[in-house]
Amino acid sequence: MTGATLSARTDHRETADAYRGELFRLGVYRVAVCADGKQWLYQRQNPGNAVAGARWRTLGYCRTHAAPMRLHARHLQPPAPEIASLPERFSRIGGAA
């Protein structure tokens with residue numbers, strides 16, 4: 001994993017590099033659970049400075065695993081087993097069905 005380590009991911013801001021809701025990263029893309037715990041976020045990393053870290057821009061809000069798969073393909077990224085392994089539908093408890 002690049003950026004913040006698992007133990008250091010404590011930021012509550014969805015755009016933060018150390019966002020605590022991050023599930024996994026795929027290069028400059030990541031999937032996270034939104035701060036309200038209602039859906040997954042598909043995000044792209046914007047270049048940042050060395051001190052503050054990179055910011056993340058949400059490209060889509062997803063309730064089914066097909067949605068981030070479509071977004072990932074739309075951005076010409078290779079298939080990602082991490083996205084394919086998401087549950088069929090988002091569930092509020094832990095982000096899994």
Side-chain angles (χ1 to χ4, degrees):
M1 180 171 112
T2 59
T5 64
L6 183 60
S7 62
R9 288 190 289 141
T10 58
D11 202 310
H12 68 282
R13 296 168 298 150
E14 293 175 349
T15 59
D17 194 41
Y19 177 52
R20 64 181 170 210
E22 179 181 319
L23 297 176
F24 51 85
R25 291 188 186 193
L26 305 162
V28 297
Y29 296 92
R30 75 177 178 187
V31 175
V33 175
C34 79
D36 293 334
K38 296 179 180 179
Q39 60 205 343
W40 293 300
L41 306 172
Y42 183 80
Q43 299 180 310
R44 185 177 197 291
Q45 189 176 38
N46 293 329
N49 64 43
V51 176
R55 290 293 192 218
W56 292 81
R57 182 171 51 100
T58 301
L59 303 176
Y61 300 90
C62 312
R63 303 260 316 151
T64 66
H65 86 279
M69 288 175 69
R70 264 193 317 273
L71 286 164
H72 201 62
R74 184 181 301 156
H75 291 278
L76 304 175
Q77 298 303 303
E82 297 90 343
I83 294 175
S85 70
L86 290 171
E88 195 65 35
R89 298 195 62 74
F90 183 89
S91 174
R92 197 173 178 103
I93 300 172

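The structure displayed is predicted, hence computed values, not measured ones.
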Listed pairs under 3.5 Å, donor-acceptor, residues 68-80 side chains, sequence neighbours left out:
| from | atom 1 | to | atom 2 | distance (Å) |
| --- | --- | --- | --- | --- |
| His72 | ND1 | Tyr42 | OH | 2.6 |
| His72 | NE2 | Pro78 | O | 3.2 |
| Gln77 | NE2 | His75 | O | 3.0 |

Contact summary for Trp56 and Tyr29, nearest pair of heavy atoms
CZ3-C, 3.7 Å
Might you work through the side chain to side chain contact (heavy atoms under 4.5 Å, CB included) test for Ile83 and Val31, ending with a clear yes or no?
CA-CA 8 Å; Ile83 294 175; Val31 175; 4.2 Å; yes
Is the shortest heavy-atom distance from the side chain of Arg55 to the side chain of Arg13 under 4.5 Å?
yes
Determine all donor-acceptor pairs shorter than 3.5 Å in which one atom belongs to a side chain in residues 59-66; sequence neighbours excluded.
| from | atom 1 | to | atom 2 | distance (Å) |
| --- | --- | --- | --- | --- |
| Arg63 | NH1 | Lys38 | O | 2.2 |

Can you name the side chain to side chain donor-acceptor pair (under 3.5 Å) partners of Arg20, sequence neighbours left out?
none
Quick check: closest heavy atoms across Glu82 and Leu26, and the distance to 0.1 Å?
OE1-CD2, 3.3 Å
What one should report as the nearest heavy-atom pair of Arg30 and Glu14 is NH2-O, 2.9 Å
Can a donor-acceptor pair be found, under 3.5 Å and without considering hydrogens, that links the side chain of Tyr19 to the backbone of Ala35?
yes
When rounded to the nearest 0.5 angstrom, what distance separates CG in Leu23 from CG in Leu86?
7.0 Å
In this structure, CD of Gln45 is separated from CG of Asp17 (nearest 0.5 Å) by 5.5 Å
Min side-chain heavy-atom separation Pro87-Trp40 under 4.5 Å
yes
